[in-house]
2 protein chains.
Amino acid sequence: MTDLALQLDGDGPLYEQIRRAIALKITSRQWRPGDRIPFESELCTTLQTSRMTVNKALQSLADDGLIVRRRKAGSFVATQQSVQAPLTIAKIEDEVAADGKTYGYELVSCKALKAPGKLTSAHIFPRGLDVVHIQCRHLADGVPVLFEDRYINLKAVPAAADEPFNETPPGSWLLEHVPWTEAEHAIYAVSADPRLAEHLHIAVAEACLRIERRTWADDETVTFVHLTYPGNRRTLVGRFQPGQRG
Amino acid sequence: MTDLALQLDGDGPLYEQIRRAIALKITSRQWRPGDRIPFESELCTTLQTSRMTVNKALQSLADDGLIVRRRKAGSFVATQQSVQAPLTIAKIEDEVAADGKTYGYELVSCKALKAPGKLTSAHIFPRGLDVVHIQCRHLADGVPVLFEDRYINLKAVPAAADEPFNETPPGSWLLEHVPWTEAEHAIYAVSADPRLAEHLHIAVAEACLRIERRTWADDETVTFVHLTYPGNRRTLVGRFQPGQRG
DNA sequence: CAGTGGTCTAGACCACTGC
DNA sequence: CAGTGGTCTAGACCACTGT
């Protein structure tokens, strides 16, 4: 609802120029949260472009949460201004290899049991479900870099009962044997208890970063895992550039 | 390079069906890392659709890292299988409000100085730069939920020198006054030192989650901030569904 | 019920890159 | 230099939703 003199810089694809120009309006607060931005049709005539091109720019702004789009009403600058950051969680084997180090794997324990109460009461697994509980650690040049504590749903993955997991990390094994359809993550800090400290070769009570991942296949939780990293490890999150592609 | 009998499920937009069908081939390992997937032109004839629709599906798979695309060569299943997760960092005010609690802000300290050595040697700020150093905390219903430790580049934002920051949180103030173009984050765990423990009302040495954010405007770092959350706080990361939109 | 965005088409030209 | 993906166009129909 202000002047819509979008300035394209002529650099790169047209839809990125449009995205950049609009993102600039928003980050510079010329278009403020809640403001309606021009309709696709208006931008088409203003910028002398086709609607698909304008649409591609607006879609990507919507994907990144900078704008909100509503049929019949129009597109609006998002009221909840937030920053998105793409968090990429690579397989630890790849990560260690990318560091130029030698990957190592050690199984700590592996046994079949009923799903424990803390997981059933959190509605992660149904009560009485048979699961495998695996604890293991991952090393880079012999130094522990990750402690893994994982439960695998035996109803969904019966083959896991016959796998010893003493050579193959459970993550890799699962990737090979189970098609997953969805994953959900939580990330938080924990203090190392004595056992964790010993496994990771760190001091007791040292702060560690923990990623919790729940993986589904269809509507069933296939596996639930804690990945605990020593606290000195920084997990880098990707850059976010509102002016660039999403 | 396998059979390309893609099964569309007829549910939702065509490009999502195509994306889902290809994602299933990949997660089920029928198409394995490194395999070439059908060309856009092949998919067009196989699926009887236009190229733009196929392209939209493949683009979104590439955005999420499931496939890699190379001109003249084709599209390939990514060799580095990793999981993407969109990490959304909302303004703390909004987050507290969304929780149905009352937001509170308290300035701890605010003073102008030269950029400290730890930031200049990390090439975050140039040596001798004038900055404002702000420490403050954010409360939900009177309970501390975030401690903020921020530096603002006075060369890029001279107006920050005249702002007392005793009413307005620096994050909000900056959003209002500075157009930013890029942000980079790192996330890691820290142990609460006595001062932090006091500010957050937690025990000394308790594990805390810290988000480090560096924000640019053009090619200059505008602000650098540590956001430290009590460790019991879980930061939820978005879901990732390879079969769904990116 | 009218107008917006969501999707789709059947073309097109071009840049890049393996061969 | 030929073939792939990257981009763009000028249309079209439809679903949803404010009014």
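Shown here are the salt bridge (charged side-chain N to carboxylate O under 4.0 Å, His left out) partners of A:Arg70, two or more places apart in sequence or in another chain: there are none. Among residues two or more places apart in sequence or in another chain, the side-chain contact (heavy atoms from CB on, under 4.5 Å) test is passed with A:Glu148 by A:Cys136, A:His138, A:Arg150, A:Pro170, A:Val225, A:Leu227. Taking the side chain to side chain donor-acceptor pair (under 3.5 Å) definition, one finds that A:Arg69 meets it with A:Glu40, A:Ser75, sequence neighbours left out.
Helical stems involving DNA chain C, defined as 3 or more consecutive Watson-Crick or G-U pairs under 3.5 Å, span C:1-18 with D:1-18.
Under a 3.5 Å cut-off, the side chain of A:Tyr15 and the backbone N or O of A:Asn55 do not form any donor-acceptor pair.
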Output side-chain donor-acceptor pairs under 3.5 Å for residues 77-85 of chain A, partner residues at least two apart or in another chain, one line each.
unit_1: A:Gln84; atom_1: OE1; unit_2: B:Thr88; atom_2: OG1; d: 3.1
unit_1: A:Gln84; atom_1: NE2; unit_2: B:Thr88; atom_2: OG1; d: 3.3

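Computed from coordinates, the A:Phe39 CZ to C:dT4 C1' distance equals 7 Å when rounded to whole Å. Nucleotide D:dT4 holds its P atom 8 Å from the CZ atom of B:Arg36, rounded to whole Å. Between the CG atom of B:Leu61 and the P atom of D:dG5 there is a distance of 13 Å, given to the nearest Å. In this structure, the NZ atom of A:Lys72 is 12 Å from the P atom of D:dT17, given to the nearest Å.
At the phosphate of C:dG3, neither OP1 nor OP2 sits under 4.0 Å from any side-chain N or O atom of A:Ser41. At the phosphate of C:dG18, OP1 or OP2 sits under 4.0 Å from a side-chain N or O atom of B:Arg70.
Checked by atom type, the side-chain pair B:Glu212/B:Tyr188 shows a donor-acceptor distance below 3.5 Å.
For B:Phe224 and B:His226, the ring centers are positioned less than 6.0 Å apart.
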Distances under 3.5 Å between protein N/O atoms and the N/O atoms of nucleotides 6-12 of chain C, please, pair by pair.
unit_1: C:dG6; atom_1: OP2; unit_2: A:Gln59; atom_2: NE2; d: 3.4
unit_1: C:dG6; atom_1: OP2; unit_2: A:Arg69; atom_2: NH1; d: 2.7
unit_1: C:dG6; atom_1: O4'; unit_2: A:Arg71; atom_2: NH2; d: 3.1
unit_1: C:dG6; atom_1: N7; unit_2: A:Arg51; atom_2: NH2; d: 2.6
unit_1: C:dG6; atom_1: O6; unit_2: A:Arg51; atom_2: NH1; d: 2.9
unit_1: C:dT7; atom_1: OP1; unit_2: B:Tyr15; atom_2: OH; d: 3.2
unit_1: C:dT7; atom_1: OP2; unit_2: B:Tyr15; atom_2: OH; d: 3.2
unit_1: C:dC8; atom_1: OP1; unit_2: B:Leu14; atom_2: N; d: 2.3
unit_1: C:dC8; atom_1: OP2; unit_2: B:Tyr15; atom_2: N; d: 3.3
unit_1: C:dT9; atom_1: OP2; unit_2: B:Ser50; atom_2: N; d: 3.0
unit_1: C:dT9; atom_1: OP2; unit_2: B:Thr53; atom_2: OG1; d: 2.7
unit_1: C:dA12; atom_1: N6; unit_2: B:Arg51; atom_2: NH1; d: 3.2

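Contact annotation: the side chain of B:Ile22 approaches that of B:Trp31 to within less than 4.5 Å [non-hydrogen atoms, C-beta and beyond].
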